[in-house]
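Because the structure is a prediction, the values reported are computed rather than measured. When reading the values below, keep in mind they use all heavy atoms of this one structure, side chains included, and skip hydrogens, waters and symmetry mates.
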Amino acid sequence: MASLPAVTDGLLTAGFPRPSSQWLSSLISGARGSNSTALTLIATAKHRLMLLDLTAPSLFDPAALSLPPSLSEPVIKERKVAHSVLVQVLAVEDMSRSRWEQIELIEAMERGEKTKGRQIIRDVPGEEGENGVRVGAPLVGMKGGPHKLLLEDWKGQRVYGMEIVGVPKVDLGMSIGTKIVLKGVTVARGMVLLEPATTVVLGGKIEALHEVWIRDRKKILKDAIEGTH
């Protein structure tokens, strides 16, 4: 059976916060067979963390790396987060699309469809990977952007992020709960600047949060449209 330190090191190398010994011991003891290798357990741990809420109690070590306090303060013109931090997506907004366009995209995704130009294309079974991130080239009609994301670390600290350069796998169709590793990002006026060099989308999904967001997002958009009339 692989050791706890070996699995911990594998998770840290992949950009995850240091897991709590309680959670990791439970994972290792529950692994099938006594010959599970470190690589197998690391992969299992990654998969489970991708689908969990990072703020779940006792998931990470109290000393694990997180976002710096007061990161979202707009009074600070610019600062840099030197270390890597794992965050999860709580909301996504396409700043280039009208409210009606966003509603149409959300409803198309609910039906298992995507848009390409003016065409609606049904998803092919098996197109989504095991961690909730679509595989293959993104559709032209889906990317849009720049996108604004609400991000949260394992301590529950939240900050907004904005694409300054298009980031692969970031679009209105990404799942709520998607895990992202921020690597030495720059924060300007309380906003994390997202670009491919410092933003790595790992995947993942928190099913319950995703369903609530879809429902509430449509209502917020529709209420905003009605309020403009």
Side-chain angles (χ1 to χ4, degrees), residues 1-32 36-69 71-72 80-92 128-135 149-161 167-170 174-187 192-210 213:
M1 175 72 71
S3 67
L4 189 149
V7 179
T8 297
D9 289 345
L11 290 174
L12 293 176
T13 300
F16 288 84
R18 181 177 295 276
S20 69
S21 56
Q22 175 186 348
W23 182 80
L24 203 52
S25 295
S26 177
L27 175 78
I28 292 176
S29 63
R32 293 183 177 180
S36 297
T37 65
L39 289 178
T40 300
L41 289 171
I42 291 169
T44 300
K46 287 180 183 178
H47 177 71
R48 293 192 185 180
L49 289 172
M50 297 281 240
L51 303 178
L52 289 174
D53 184 341
L54 296 181
T55 64
S58 304
L59 195 56
F60 297 107
D61 187 287
L65 293 176
S66 60
L67 294 171
L71 190 65
S72 60
K80 190 162 186 173
V81 181
H83 56 274
S84 295
V85 183
L86 183 72
V87 294
Q88 58 191 9
V89 177
L90 296 184
V92 54
E128 185 171 297
E130 63 176 2
N131 291 319
V133 171
R134 292 179 309 283
V135 296
L149 308 180
L150 177 58
L151 306 171
E152 180 181 48
D153 69 5
W154 71 270
K155 288 186 176 180
Q157 299 179 116
R158 298 181 179 184
V159 66
Y160 281 101
V167 177
K169 301 177 184 175
V170 170
M174 71 192 307
S175 300
I176 300 306
T178 292
K179 307 304 187 288
I180 295 177
V181 178
L182 304 177
K183 296 185 173 184
V185 292
T186 297
V187 183
V192 177
L193 306 183
L194 305 176
E195 54 185 322
T198 59
T199 309
V200 181
V201 179
L202 299 180
K205 182 178 185 179
I206 303 174
E207 192 67 45
L209 292 184
H210 185 77
W213 182 84

Does any non-hydrogen side-chain atom of Pro196 lie less than 4.5 Å from one of Pro168? yes
What I'd like to find out is whether the side chain of Thr186 reaches to under 4.5 Å of the side chain of Glu195, using heavy atoms alone. no
Would you say the side-chain atoms of His83 pair up with the backbone N or O of Ser66, donor to acceptor, closer than 3.5 Å? yes
Of Asp61, Thr8, Leu27, the one forming a side chain to side chain contact (heavy atoms under 4.5 Å, CB included) with Pro19 is Thr8
Would you check if Lys155 and Leu67 make a side-chain contact, meaning some heavy-atom pair closer than 4.5 Å? no
Correct closest heavy-atom pair for Arg18 and Leu12 would be NH2-CD1, 3.4 Å
Nearest heavy-atom approach of Val181 to Ser84 is CG1-CB, 4.2 Å
* Keeping the roles fixed (side chain from Lys169, backbone from Leu202), state whether a donor-acceptor pair exists under 3.5 Å. => no
Between Leu86 and Phe16, the two heavy atoms sitting closest are CD2-CD2, 3.5 Å
Minimal heavy-atom distance between Gln88 and Lys179, with the atoms involved, is OE1-CE, 3.7 Å
For Ile176 and His210 the tightest heavy-atom approach is N-ND1, 3.0 Å
Can you confirm whether Leu209 sits close enough to Leu90 that some side-chain heavy atom of one is under 4.5 Å from a side-chain heavy atom of the other?
yes
Counting C-beta onward and ignoring hydrogens, is there a side-chain heavy-atom pair between Glu152 and Thr55 closer than 4.5 Å?
yes
Paired with Leu182, the side chain to side chain contact (heavy atoms under 4.5 Å, CB included) test is passed by just one of Val81, Leu194, Thr198, namely Leu194
Heavy atoms of Ala64 and Pro17 approach each other most closely as CB-CB, 3.8 Å
Flag side-chain contact, heavy atom, 4.5 Å: Leu49 against Trp23: yes
* Would you say Trp154's side chain and Leu65's backbone share a donor-acceptor pair under 3.5 angstrom? -> yes
Heavy-atom side-chain proximity of Ser72 to Arg158 below 4.5 angstrom:
no
Which of Val201, Ile206, Leu151 passes side chain to side chain contact (heavy atoms under 4.5 Å, CB included) with Thr178? It is Val201
Practice item. Measure from the side-chain N and O atoms of Ser26 to the backbone N and O of Gln22, and report whether any donor-acceptor pair falls under 3.5 Å. Key: no
Margin query: Side chains of Ile180 and Leu149, heavy atoms from C-beta outward: is any pair under 4.5 Å?
Written below: yes
